[in-house]
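Starting from 1, each residue takes its place in the sequence as its number.
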Amino acid sequence: MSLNVYTPTSPAKLLLVDDHPMLRRGIAELLSLESDVEVVSEASNGQEALDFLANNSVDLVILDHKMPIMTGIETLREIKSRGIEVKTLLFTVSDAGEDVQEALELGVDGYLLKDMEPELIIVNIRKVLRGELVISPNLAAILAQTLRKPTIDDIAGNLTSRELQVIQMIAEGLSNKMIANKLNIAESTVKVHVKHILNKTGLRTRVEAAVWTVNHLSK
């Protein structure tokens, strides 16, 4: 039985960016077995990826981090600064907390380590394509160490029951629109709740809220 199947009307288009040809080939062959995703191009560095994106559109860019000419995070920053509308996933060996935090602050849609099982790579790619934020499970604790850590009372004690619902859904990787649909409220209302959560807790971003919730409130 297939897990977490992504069911678009047509295959999602992917761009693979990694300086190791064998790894690109392995991922491409893995994904070629799936009917809902399609690797349409490959690049060996960030500059090649940007050149391709200047004239072509894809649904997801899978980026290595440690690459010559332009790192994955530098490429991500340039994608964002150019206003290129595409989902991004860093697929790397780097488990450094500062790398994870910087990527998330830049708006990456996923950060996965290359030691992940092949079937989980596919599952997480589909999650990203559905609009969910994905992070390798063993990175949550590492990232949490780089963030300011309010106490449990700072979070739970100051939030309303609705705000607690919202922060739990943020931790699940749901977007504001998805949260609004689940709670049957307006997306603008969700944005207000998120703003109140950050103001009350002293957390800086929804990423910090998600990581803190995973490590404390979700236990």
Side-chain angles (χ1 to χ4, degrees), residues 3-4 6 12-34 37-53 58-81 84 86-147 171 173 205 207-208 210-212 214-215:
L3 298 176
N4 294 304
Y6 175 68
K13 297 179 180 180
L14 276 59
L15 168 62
L16 298 182
V17 190
D18 196 295
D19 60 324
H20 293 94
M22 290 296 291
L23 190 138
R24 293 201 310 270
R25 186 176 307 167
I27 297 176
E29 289 180 356
L30 173 68
L31 296 177
S32 70
L33 302 175
E34 308 301 319
V37 293
E38 177 187 6
V39 176
V40 296
S41 188
E42 300 178 20
S44 61
N45 59 66
Q47 187 58 60
E48 288 182 6
L50 292 170
D51 291 343
F52 176 83
L53 292 171
V58 295
D59 299 293
L60 173 64
V61 179
I62 300 178
L63 291 163
D64 185 20
H65 177 33
K66 305 296 185 181
M67 296 185 294
I69 302 177
M70 185 178 289
T71 69
I73 288 180
E74 289 171 344
T75 307
L76 173 63
R77 183 182 293 108
E78 192 63 23
I79 287 173
K80 297 299 181 180
S81 69
I84 300 173
V86 64
K87 295 188 182 302
T88 51
L89 171 64
L90 271 173
F91 187 54
T92 176
V93 298
S94 175
D95 61 359
E98 57 270 21
D99 287 341
V100 185
Q101 184 176 4
E102 184 174 8
L104 291 171
E105 289 176 347
L106 285 170
V108 77
D109 297 287
Y111 196 112
L112 302 178
L113 297 180
K114 289 183 177 179
D115 60 359
M116 180 167 283
E117 293 294 328
E119 61 269 21
L120 290 180
I121 295 172
I122 296 170
V123 166
N124 281 286
I125 285 174
R126 287 176 175 142
K127 284 184 177 181
V128 169
L129 288 168
R130 289 200 302 267
E132 299 180 39
L133 171 68
V134 299
I135 306 175
S136 286
N138 52 330
L139 288 176
I142 295 172
L143 180 57
Q145 294 174 5
T146 70
L147 304 177
T205 66
V207 171
E208 287 194 12
V211 173
W212 195 95
V214 167
N215 281 279

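The two residues A43 and A49 make their nearest non-hydrogen contact at CB-N, 3.7 Å. Of all non-hydrogen atoms in A103 and L90, the two that sit nearest each other are CB-CD1, 3.5 Å. Contact detail for M116 and S136: the closest heavy-atom pair is CE-OG, 3.6 Å. Looking at every heavy atom in both residues, M67 comes nearest to G72 through CE-N, 3.9 Å. Residue S94 comes nearest to Y111 through the heavy atom pair O-OH, 2.9 Å, listed as atom of the first residue, atom of the second, then distance. Between V86 and V58, the shortest heavy-atom contact is CG2-O, 3.4 Å.
Contact annotation: the side chain of L104 approaches that of I135 to within less than 4.5 Å [non-hydrogen atoms, C-beta and beyond]. Between D99 and K66 the shortest side-chain heavy-atom distance falls below 4.5 Å. L113 has its side chain within reach of D115: a pair of non-hydrogen atoms, C-beta onward, lies under 4.5 Å apart. For the pair L129 and V37, the minimum side-chain heavy-atom distance is below 4.5 Å.
Results of the side chain to side chain contact (heavy atoms under 4.5 Å, CB included) test with V39 over L31, L15, I27 single out L31 as the only residue that passes.
Checked against side-chain hydrogen bond (donor to acceptor under 3.5 Å, both in side chains), D19 has no partners two or more places apart in sequence or in another chain. Residues passing the side-chain hydrogen bond (donor to acceptor under 3.5 Å, both in side chains) test with S44, sequence neighbours excluded: E48. With sequence neighbours excluded, the residues forming a salt bridge (Lys or Arg N to Asp or Glu O under 4.0 Å) with E132 are R130, listed by chain and number. In this view, K114 and D18, D64 satisfy the salt bridge (Lys or Arg N to Asp or Glu O under 4.0 Å) rule, not counting sequence neighbours. Applying the side-chain hydrogen bond (donor to acceptor under 3.5 Å, both in side chains) criterion to E119, with sequence neighbours excluded, gives no partner residue. Scored by the side-chain hydrogen bond (donor to acceptor under 3.5 Å, both in side chains) test, E102 finds R77 as partners (sequence neighbours excluded).
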Step by step, work out the side chain to side chain contact (heavy atoms under 4.5 Å, CB included) result for D95 and V100.
CA-CA 7 Å; D95 61 359; V100 185; 6.0 Å; no

Assess whether side chain to side chain contact (heavy atoms under 4.5 Å, CB included) is satisfied between V207 and E105, documenting all intermediate values.
CA-CA 8 Å; V207 171; E105 289 176 347; over 6 Å; no

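A side-chain donor-acceptor contact under 3.5 Å links T75 to the backbone of T71. A side-chain donor-acceptor contact under 3.5 Å links D109 to the backbone of T88.
A distance of 4.0 Å separates CG of L30 from CD1 of I122, quoted to the nearest 0.5 Å. Taking CG of L112 as the start and CG of L89 as the end, the distance is 4.5 Å to the nearest 0.5 Å. Taken from OG1 in T92 to CD1 in I62, the straight-line distance is 13.0 Å, to the nearest 0.5 Å. Rounding to the nearest 0.5 Å gives a distance of 13.0 Å between CD of E38 and CG of L60. Between L14 atom CG and D59 atom CG the span is 7.5 Å, to the nearest 0.5 Å. In this structure, N124 CG and E117 CD are separated by 12.0 Å, a value rounded to the nearest 0.5 Å.
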